[in-house]
Undergrad: 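Have a look at this one before I ask anything.
Below, each value reflects all heavy atoms present in this structure, side chains not excepted, and no hydrogens, waters or symmetry copies. The chain is numbered in sequence order, starting from 1. Everything numeric in this text was worked out from a predicted model, so none of it was measured.
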Amino acid sequence: GSNTDHPLALLHEQFDHSWVSHLNTETSENRLKSKERTPQDDGVSNNVKRPVYNGHWVGVKPAPLKNPRLIIHSPEMIQDLGLSSESAHSDAFVKYFSGDVMGAFDDHEDAESVKQKVVSWATPYALSIMGRRLTSNCPFGTGDGYGDGRAISVGEIVVAHDSTSTSSPEDAPRRYELQLKGAGPTPFCRGADGRAVLRSSIREFLASEAMYHLGVSTTRALSLIVSDHGSTSQRPWYSDRNQKSIPDIDDPRLSQYSLDQRKQIIAQLNAQSKNDPDVMIEEPNAITCRVAPSFLRIGHLDLFARRATKNVMEDEKPDTTTLEFQELEALVWHACFREFPDTCYYPFKDKKDILSASKQLLNHSLDGIASMVAGWIRVGFAQGNFNADNCLIGGRTMDYGPFGFMDEYHPLFAKWTGSGDHFGFMNQPSAGYANFAVLVSSIMPIIEAYSPSLDVAKKFQDEIMEQGQEIFQERLMEVLRSKMGFHPKDQSADDLWSELEALIRANKTDWTLFWRQLMEVVKEYPIQDDSNHVSTSYSDMFDTLCGNDEVAQGSSPFYERPDESAKIEFVNWIQKWRELLVASYKESGPSRRLSQDDTEVLEPAERMRISNPKYVLREWMLVEAYTKASPSSIQSPLFPVSIKSGQVDESMVHELFELIKHPYDEGTEEQSRKYYRRAPDSALKAGGTAFMS
């Protein structure tokens, strides 16, 4: 048969590994120096912890899973990669994306020549937390041992999109990098096993795809493959005894505080109290393949900038002739090529104008990161571990580890025990800005070297940092305005948000349900009608907002029914909001005027529908899905019954995958009943659901 018969023929025909061909690996001297320091290193395999002194990548062969079985794949991603839907169910696909990248081509008639095109690699990067550059996280204390500890790239492909018109940039060939998470140890594994477990892999797969359908820029998931009765890992986790112990409102220890103060203290404790895991569990290994145009992290540039400026004095330009500086320069060009080729790479590369390219790169990256973080706020997502090494230069969400979609609103909400307040929900724009600051200081050596003077370079740095603050704030406000029904550029209602924030914080409010019910208010009480009679029944509107727990259990946005005084405050807020909204959509109102400049005019109810999802991946849904899929290992206090069976049930993984594809639609009656609801109370307290490590 011809080569096209092989299920992965299209994959290897489209291989084009630019990270490997454009960038450096270690010098032979440095490779030898590392081997001398590492007794267990055989000098070729690159699967033991060792220092890597230079270079942008290290060749690493993935360690294949035993007995791999495909649980789920994304048909859309298969299509985007130019593969056929049948190929996903082939042995070759399961082999390749469970780490047996060579074995996948064993039965190809040109197996030998095809295997020469298969390249896999891991990359080094640096860690900066809230803008502070650290090396203590590196096993060697130098920063030479940090990077992809369990992520291995298994190729880049360029897919030509067939189209009759060649004018649209959408139809230009697209580049995708494929990366396996949990494919065994790399030099940067820091002594860990390099594996991922089924629980975390289910979360990664579903969350990547959910984020994409929510319209927030993200890495995607192609496949989720489990080791069936094969390899396992031990992980610390939460027994069903592990619960938050939060005082209740009548606790004698709180007696000296007013009722409002007690509510605030309890909300604060709820957001911040997190326990550590208390049991070890054995879990099956699994591998998710994630896909993106690139996985270029701020941490990548951070590492090479540190090396390039190691021996540079404060008041002098960096030396552009060193290997370290050249590696930084190559990586900046590569970032331009991979992320923003049309605006940052092609206009400047032939002229060797890296100064202009770098400035453009910073502008585009700023916009991408600020828009991404504002998107997280819009959909109620806390990334949880938002360091510069988990922040992609292109502004795509990545690293779905300790994330959580928020149930009850609190400005400091985060799921991970290590998050600290600086990664709390409403602090994410500041964390994003701190990461952007690391990106700026990582590109400054280039800007200093090629600017007419250090003063000119410094002035640019000050300007872009100031602009950064404005853009992070502006992107956030645009999202909040849209959520309230206003045009994103309409500033007339900005004070409404701060009043509302205090109200929902004080009244145990579900973030997703609140906004979606607010949209229902606009649907039920239109702000325009032909007879010019616009409803002012603000108290009835509050009832619509509250939903109906008797009819649909759990559908009210309030975890506790607001008392009389809170109700009065909400009704007053609704009145202010409605009056501003009505005024803003009148003939000469700001939202109406601004909408007329857009390609399509959105009415407020529709604007609110597409800004406020009905379905997000709440933690209790994920817990139920992975508890059923991996019953022997995880004992969840929420679902004690399903544990006993030991029967593997992956149906809920598929059910949630269908649900998240249409987060803004009403969904079926069954979906609405099961998933458009507040978290059960137990979920707000249980270890592993309310918080995790």
Undergrad: Counting only heavy atoms not in Glu501, do more than 12 fall under 6.0 Å of its CD?
TA: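 Check passes, neighbour count above 12.
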Undergrad: Give me the atom names and distance for the closest heavy-atom approach of His56 to Ala330.
TA: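 So the two residues come closest at CE1-CB, 4.3 Å.
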Undergrad: Between Phe413 and Trp511, does the ring centroid distance fall short of 6.0 Å?
TA: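 Centroid distance Phe413-Trp511: not below 6.0 Å, so no.
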Undergrad: Do we see a donor-acceptor contact under 3.5 Å between the side chains of Asn427 and Ser430?
TA: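 There is no such pair between these side chains.
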Undergrad: Assess the residue pair Leu134 and Ser128 against the criterion (side chain to side chain contact (heavy atoms under 4.5 Å, CB included)); give the C-alpha distance rounded to whole Å, side-chain angles, the decisive distance to 0.1 Å, and a yes or no.
TA: CA-CA 6 Å; Leu134 303 180; Ser128 288; over 6 Å; no
Undergrad: Does a sphere of radius 6.0 Å around NZ in Lys117 hold more than 12 heavy atoms from other residues, nucleotides or ligands, not counting ones at 6.0 Å or beyond?
TA: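 Yes.
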Undergrad: Is there a donor-acceptor contact under 3.5 Å from the side chain of His487 to the main chain of Lys489?
TA: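 Answer holds: yes.
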Undergrad: Within the structure provided, determine whether Arg306 and Leu301 are in side-chain contact (heavy-atom separation under 4.5 Å).
TA: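 They are not in side-chain contact.
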Undergrad: Any luck finding a side-chain donor-acceptor pair between Arg290 and Thr219 under 3.5 Å?
TA: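 Judged by distance alone, the side chains do not pair up.
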Undergrad: For Tyr400 and Thr218, which I'm curious about, is there any donor-acceptor pair between the side chains at under 3.5 Å?
TA: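 Yes, Thr218 and Tyr400 have a side-chain donor paired with an acceptor closer than 3.5 Å.
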Undergrad: So, Glu478 and Arg475, do they make that salt bridge, N to O below 4.0 Å?
TA: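 Yes, this pair counts.
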Undergrad: What I'd like to find out is whether the side chain of Glu26 reaches to under 4.5 Å of the side chain of Val58, using heavy atoms alone.
TA: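 Touching, per the 4.5 Å side-chain cut-off.
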Undergrad: Do Lys310 and Glu324 meet the salt-bridge criterion of a basic N to acidic O distance under 4.0 Å?
TA: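 No salt bridge links Glu324 with Lys310.
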Undergrad: Should the pair Lys359 and Phe460 be classed as cation-pi, given the thresholds of under 6.0 Å to the six-membered ring centre and 45° from the axis?
TA: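 Yes, cation above the ring, under 6.0 Å and within 45°.
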Undergrad: State, with a plain yes or no, whether a side-chain heavy atom of Ile202 is found less than 4.5 Å away from one of Thr288.
TA: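 Not in contact.
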Undergrad: Looking only at the aromatic ring of each residue, does the gap between the centers of Phe337 and His22 stay below 6.0 angstrom?
TA: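 So the answer is yes for these two rings.
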Undergrad: If we only count heavy atoms from C-beta on, is the Phe325 to Phe304 side-chain gap below 4.5 Å?
TA: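 Side-chain contact under 4.5 Å: no.
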Undergrad: Output, in order, the C-alpha distance, side-chain angles, deciding distance and verdict of salt bridge (Lys or Arg N to Asp or Glu O under 4.0 Å) for Lys33 and Glu29.
TA: CA-CA 6 Å; Lys33 181 174 145 192; Glu29 301 84 60; over 6 Å; no
Undergrad: Does Asp350, at its CG atom, have more than 12 non-hydrogen atoms belonging to other residues, nucleotides or ligands within less than 6.0 Å?
TA: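 Atom CG in Asp350 is not packed in, count stays at 12 or less.
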Undergrad: Would Asp389 and Tyr146 count as a side chain to side chain donor-acceptor pair (under 3.5 Å) if you check the C-alpha gap in whole Å, the side-chain angles of each, and the deciding distance to 0.1 Å?
TA: CA-CA 10 Å; Asp389 64 327; Tyr146 193 67; 2.8 Å; yes
Undergrad: Where the side chain of Ser217 meets the backbone of Gly395, is there a donor-acceptor pair that is under 3.5 Å apart?
TA: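 Side chain of Ser217 to backbone of Gly395: a pair is present.
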Undergrad: When you compare the side chains of Tyr433 and Gln428, does any donor N or O come within less than 3.5 Å of an acceptor on the partner?
TA: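 Note: Tyr433 and Gln428 side chains miss the donor-acceptor criterion.
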Undergrad: Hey, are Ser453 and Asp455 close enough side-chain-wise for a donor-acceptor pair under 3.5 Å?
TA: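 No, no side-chain donor-acceptor contact under 3.5 Å.
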Undergrad: Does a donor on one side chain sit under 3.5 Å from an acceptor on the other, for Thr186 and Asp148?
TA: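 Note: Thr186 and Asp148 side chains miss the donor-acceptor criterion.
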Undergrad: Quick check: are there more than 12 heavy atoms from other residues, nucleotides or ligands sitting under 6.0 Å from CD of Glu316?
TA: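 Counting other residues, nucleotides and ligands, CD of Glu316 exceeds 12 neighbours.
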Undergrad: Closer than 4.0 angstrom, basic N to acidic O: yes or no for Glu619 and Arg203?
TA: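 Here Glu619 pairs with Arg203 in a salt bridge, since their nearest N and O are under 4.0 Å apart.
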Undergrad: Evaluate Ser208 against Glu204 for side chain to side chain contact (heavy atoms under 4.5 Å, CB included), listing each step before the verdict.
TA: CA-CA 6 Å; Ser208 309; Glu204 168 111 21; 4.2 Å; yes
Undergrad: Quick one, Trp57 and Val20 - any side-chain contact, counting heavy atoms below 4.5 Å?
TA: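 A side-chain contact exists here, since the closest heavy-atom pair is under 4.5 Å.
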Undergrad: May I ask you to test the Leu500-Ile504 pair for a side-chain heavy-atom distance under 4.5 Å?
TA: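 Result yes, sub-4.5 Å side-chain heavy-atom pair found.
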Undergrad: Suppose we call two aromatic rings close when their centres sit under 6.0 Å apart. Are His213 and Tyr664 close by that rule?
TA: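 No, ring centres 6.0 Å or more apart.
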Undergrad: Side chains of Thr123 and His300: donor-acceptor distance under 3.5 Å anywhere?
TA: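 Yes, a side-chain donor-acceptor pair sits under 3.5 Å.
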Undergrad: Could you walk me through whether Glu76 and Lys661 pass the salt bridge (Lys or Arg N to Asp or Glu O under 4.0 Å) check?
TA: CA-CA 11 Å; Glu76 287 169 306; Lys661 288 179 183 174; 5.8 Å; no
Undergrad: For residues Gln461 and Val440, report the shortest heavy-atom separation together with the two atoms involved.
TA: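 Looking at all heavy atoms of both residues, the shortest contact is CG-CG1, 3.9 Å.
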Undergrad: Just by distance, do the side chain of Ser365 and the backbone of Ile393 share a donor-acceptor pair under 3.5 Å?
TA: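 Judged by distance alone, yes, a pair lies under 3.5 Å.
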Undergrad: If we only count heavy atoms from C-beta on, is the Trp515 to Arg378 side-chain gap below 4.5 Å?
TA: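 When only atoms from C-beta onward are counted, Arg378 and Trp515 do not touch, as no gap falls below 4.5 Å.
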Undergrad: Does Asp144 come within less than 4.0 Å of Arg307, counting only side-chain N to carboxylate O?
TA: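 Salt bridge between Asp144 and Arg307, a charged N being under 4.0 Å from a carboxylate O: yes.
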Undergrad: Using only atom types and a distance under 3.5 Å, with no angle test, would you say the side chain of Asn390 pairs donor to acceptor with the backbone of Asn385?
TA: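 Yes, because the side chain of Asn390 sits within donor-acceptor range (under 3.5 Å) of the backbone of Asn385.
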Undergrad: Whether the side chain of Ser74 engages the backbone of Met77 through a donor-acceptor N/O pair (distance < 3.5 Å, no angle test) should be reported.
TA: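 At least one qualifying donor-acceptor pair exists.
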Undergrad: So, His364 and Thr343: side-chain donor and acceptor under 3.5 Å apart, yes or no?
TA: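 A pair is found: one side chain offers a donor N or O, the other an acceptor, under 3.5 Å apart.
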Undergrad: Which heavy atom of Asp80 sits nearest to which heavy atom of Tyr176, and what is that distance?
TA: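 Answer, listing the atom of Asp80 first, then Tyr176: O-CE1, 3.5 Å.
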Undergrad: Is it the case that Asn30 and Thr27 place a side-chain donor and acceptor less than 3.5 Å from each other?
TA: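 Note: Asn30 and Thr27 side chains meet the donor-acceptor criterion.
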Undergrad: Would you say Ser498's side chain and Asp495's backbone share a donor-acceptor pair under 3.5 angstrom?
TA: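 Yes.
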Undergrad: Answer yes if the ring centres of Phe386 and Trp376 are under 6.0 angstrom apart, and no otherwise.
TA: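 Ring centroids of Phe386 and Trp376 are less than 6.0 Å from each other.
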Undergrad: Is the closest side-chain heavy-atom distance between Tyr345 and Glu339 below 4.5 Å?
TA: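 Not touching, per the 4.5 Å side-chain cut-off.
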Undergrad: Is a side-chain donor or acceptor of Asn435 paired with a backbone partner of Ala388 at a separation under 3.5 angstrom?
TA: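 Here the side-chain-to-backbone pair exists.
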Undergrad: Could you please spell out the steps behind the salt bridge (Lys or Arg N to Asp or Glu O under 4.0 Å) verdict for Arg481 and Glu474?
TA: CA-CA 10 Å; Arg481 291 166 194 151; Glu474 181 54 21; 3.3 Å; yes
Undergrad: So Leu361 and Phe340, side chain to side chain contact (heavy atoms under 4.5 Å, CB included) or not? Walk me through it.
TA: CA-CA 7 Å; Leu361 179 66; Phe340 311 107; 3.7 Å; yes
Undergrad: Can you name the nearest heavy-atom pair linking Pro51 to Ser34, along with the distance?
TA: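 Answer, listing the atom of Pro51 first, then Ser34: O-OG, 2.6 Å.
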Undergrad: Side chains of Glu327 and Asn54 only: does a donor on one sit below 3.5 Å from an acceptor on the other?
TA: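 Asn54 and Glu327 do have a side-chain donor-acceptor pair below 3.5 Å.
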Undergrad: Does the side chain of Arg297 come under 3.5 Å of the side chain of Asn387 through a donor N or O and an acceptor N or O?
TA: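 The answer is no; no qualifying pair exists.
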Undergrad: How about Phe403 and Phe381: are their ring centres within less than 6.0 Å of each other?
TA: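 Ring-ring flag for Phe403/Phe381: true, centres closer than 6.0 Å.
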Undergrad: Give me the atom names and distance for the closest heavy-atom approach of Leu476 to Pro429.
TA: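 Shortest heavy-atom separation between Leu476 and Pro429 comes out as CD2-CG, 4.2 Å.
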Undergrad: Please check: side-chain N/O of Ser371 versus main-chain N/O of Gly368, any donor-acceptor pairing under 3.5 Å?
TA: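 Flag not set: sc Ser371 to bb Gly368 has no pair under 3.5 Å.
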Undergrad: Would you say CG of Asp597 has more than 12 non-hydrogen atoms from neighbouring residues, nucleotides or ligands within 6.0 angstrom?
TA: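 Above 12, so yes.
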Undergrad: So, for Gly184 and Ile152, which heavy atoms are closest and what is the spacing to 0.1 Å?
TA: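 Gly184 and Ile152 have their closest heavy atoms at O-CD1, 4.0 Å.
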Undergrad: Tell me, please, whether Tyr212 has Arg220 positioned over its six-membered ring: NZ or CZ under 6.0 Å from the ring centre and within 45 degrees of its axis?
TA: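 That pair qualifies as a cation-pi contact.
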Undergrad: So does Lys181 get a backbone contact from the side chain of Arg195, meaning a donor-acceptor N/O pair under 3.5 Å?
TA: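 Such a contact is absent between Arg195 side chain and Lys181 backbone.
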Undergrad: Just checking, any donor-acceptor pair under 3.5 angstrom between side chains of Ser153 and Gln179?
TA: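 Distance-only check passes for Ser153 and Gln179.
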Undergrad: Looking only at atom types and distance, does a side-chain atom of Arg150 sit under 3.5 Å from a main-chain N or O of Leu180, one as donor and one as acceptor?
TA: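 Not a single qualifying donor-acceptor pair exists.
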